[in-house]
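Computed from a prediction, not measured in an experiment: that's the story for all the values here. Just so it is clear: chains get the letters A, B, ... in the order the sequence lines come, proteins before strands, and each one is counted from 1.
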2 protein chains.
Amino acid sequence: MPKPGPGLRLIDVAQRAGVSLATASRALSGRDGVSEEVADRVRQVSLEMGYVANPYARTLAGGASSTVGLVVHQVDDPYFSEIAGGVIQLAGEQSLLVQICHSGRDPSQELRQIRSLIAQRVGIIIVAGSGYSDPQVEASSREVLSLYERNGGRLAVIGRHSLSADAVLPDNEAGGFALGEHLIGLGHRNIAIVAGTAALTTVTDRMAGVAAAMRAHGLDPAAMPVLHTDFIREGGRVATEQILRDHPSTTAIIALNDAMAMGVLSALREHDIAVPARMSVVGFDDVSVAADLAPSLTTIRLPMTDMGRMALDLALKPRAARPRRRRTGHQLIVRDSTGPAA
Amino acid sequence: MPKPGPGLRLIDVAQRAGVSLATASRALSGRDGVSEEVADRVRQVSLEMGYVANPYARTLAGGASSTVGLVVHQVDDPYFSEIAGGVIQLAGEQSLLVQICHSGRDPSQELRQIRSLIAQRVGIIIVAGSGYSDPQVEASSREVLSLYERNGGRLAVIGRHSLSADAVLPDNEAGGFALGEHLIGLGHRNIAIVAGTAALTTVTDRMAGVAAAMRAHGLDPAAMPVLHTDFIREGGRVATEQILRDHPSTTAIIALNDAMAMGVLSALREHDIAVPARMSVVGFDDVSVAADLAPSLTTIRLPMTDMGRMALDLALKPRAARPRRRRTGHQLIVRDSTGPAA
DNA sequence: ATGAAAGCGCTAACAT
DNA sequence: ATGTTAGCGCTTTCAT
């Protein structure tokens, strides 16, 4: 097992610069109590010698841990990989390291990962991904995280309102509303929703937005077919088969994320159903491939990369008296998968 | 800045179990010098109390760091996010944490990240992504990494042969050959290559495979147009414009990765050029959306997720006398973007 | 087989 | 403004 490298120590730098250990420490961590002059010299020497602090010693001695823990459902899901990209980008700029782990959309696995991150004494934790509608389900995670915060850890979440932590909140409801309006405006009246499992708040929020749009136009949301399948591509395929069989008069399908929309398009293609001529399809997220599908996908753009950056940015600031909430904004991107109702 | 958690310490466990600190340490790290009986009791107590070792203290005292550093070009590139997914997956199973960072296809940035990983004393480093054709360019990285290995660090690379470390090697040349054969078999004689920058070994290797296939069929590779643009989607668009303008007789385009192929398809669509009727297109990698493009993309499948797992697996084994090399294998996936030459 | 004690490299009081 | 020193929690000699 790995022994650390050669080990140039702070004391070596201090000696070379002709100052004490403490002074060197202060100079390098930019704390005050050192004259500019001396501080500059120390920094100079440290640079020349190529000194890099040992983070283990530093953290053990009570300094701040400079690593941020990121929990995502799955990195190889474009939604999360773009968020992760944003976090890593900003972390890089701040010379922070990012520890990343999967929760696999499984609350107990998520809890394990969070525990492990805390055990590693990371100073910042970012939890990305939908929360769970049933408060019971994430109760343990919430408890562990709030203890973590009380102990001085910084926490930011992306896409969950239930946690009383700094949060980046995607415009799920407003986006759903925009999608509904878009289709209604095109004359669609028989709209079906391809939703992920109702256990996810992301799903319920987006649905609520769509329902609101329908009500706003005098339509009855309750009459609208809602298919709850897995919140992934395959779920979109399955749901589409059901729609085709059970709701043949449908002229537009709202998939609650782009992954599902891709499944929908693929099933429609197999059935030779023209999009948008016979069926309009919309997604949600605007992952980068959405523009390259055929037909290119009408969807709601969420600034995923920025969301990652925003979350880390929040966590980098000292804790506020009340949790901060940052809305992401959204944008309806109209492409070729939607058209007027037949 | 974050103070560590409550801090249940090893000494607490030791006292509760009625043994010395040293014995407790030995028991928990599974070293010998403790009777089975005592060891069991300590482990029991530790479990009950929910003790988790402080990794900073442990590492500082000379133990092994249990985190693996992963360097990718860019996580929000599907090729890398799938690899990262594999690494994180296996790491999770082994209770290891993964620190991930971006090199942004920039050798100097890559060096910085590797240095930072080493400074963090990670026990394992995995470098994913193409190497550089000019040995000079990655000389510093190589040097730093080999020092790291000599100091006991474990290293595995994905997709670079130049480093004398354990390596997972994608079937770049064989894949290129398969692509060439496929198109030649369909009767194409005017084939153009949309390549990334020649500075990347991935690009040169894949090209070599294509060239070999042409020679094998009595065609002259030198006559084949090769467009060197950025190894990303946009590069594919740019190159396609050039082909359309300068090589109008082209009937098939080989893009050296799927991202570029997507750019090619998109440019072709804008020009209303039917695929595959007037132009066949192939990619390389088989990222998960390749099947969802329209037309769905003929490409070479590389097992990205497994590649991530394999790399970590190699690194987890003790160092061998000579570097191990693991080929990935590949598979030609024929879909709808290729057809007979007009 | 077990315990006592000496660090690992750093930060943070506490002096001066 | 600078230096001295006591830990941080653990692993690892060295005793026993």
Any salt bridge linking [X] with [Y]? Criterion: basic side-chain nitrogen under 4.0 Å from a carboxylate oxygen.
X      : Y      : answer
A/D313 : A/R324 : no
A/D166 : A/R154 : yes
A/E93  : A/R309 : yes

Which whole-number value in Å describes the distance from [X] [atom1] to [N] [atom2]?
X     : N      : atom1 : atom2 : result
A/L60 : D/dG7  : CG    : P     : 14 Å
A/L21 : C/dA15 : CG    : P     : 19 Å
A/L28 : C/dC10 : CG    : P     : 9 Å
A/D12 : C/dC10 : CG    : P     : 8 Å
A/R58 : D/dG7  : CZ    : C1'   : 18 Å
B/R31 : C/dA1  : CZ    : C1'   : 14 Å
B/I11 : C/dG3  : CD1   : C1'   : 11 Å
B/R9  : D/dG9  : CZ    : C1'   : 8 Å

Review point. Do the side chain of A/R26 and the base of D/dG3 come within less than 3.5 angstrom through a donor-acceptor pair of N or O atoms?
Key: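 Indeed there is one.
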Nucleotide nearest [X] when distance is taken to its side chain, options [options]:
X     : options              : result
A/N54 : D/dC10, C/dG9, D/dG3 : C/dG9
B/V38 : D/dG9, C/dG3, C/dT2  : C/dT2
A/S35 : C/dG3, C/dT11, D/dA1 : D/dA1
A/A61 : D/dT4, C/dA1, D/dC8  : D/dC8

Do the side-chain N or O atoms of [X] get closer than 4.0 angstrom to the phosphate oxygens (OP1, OP2) of [N]?
X      : N      : result
B/T23  : C/dT2  : no
B/R121 : C/dG9  : no
A/S25  : C/dT11 : yes
A/T59  : C/dC10 : no
B/Y56  : C/dT11 : no
B/Y51  : D/dG9  : no

Check your understanding: Parallel, tilted or perpendicular for A/Y56 and B/Y56, by the 30°/60° rule?
Key ->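 Geometry flag for B/Y56 against A/Y56: tilted rings.
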Practice item. Apply side-chain contact (heavy atoms from CB on, under 4.5 Å) to the pair B/L90 and B/Q94, showing each step before the final yes or no. Key: CA-CA 6 Å; B/L90 180 52; B/Q94 308 274 348; 3.9 Å; yes
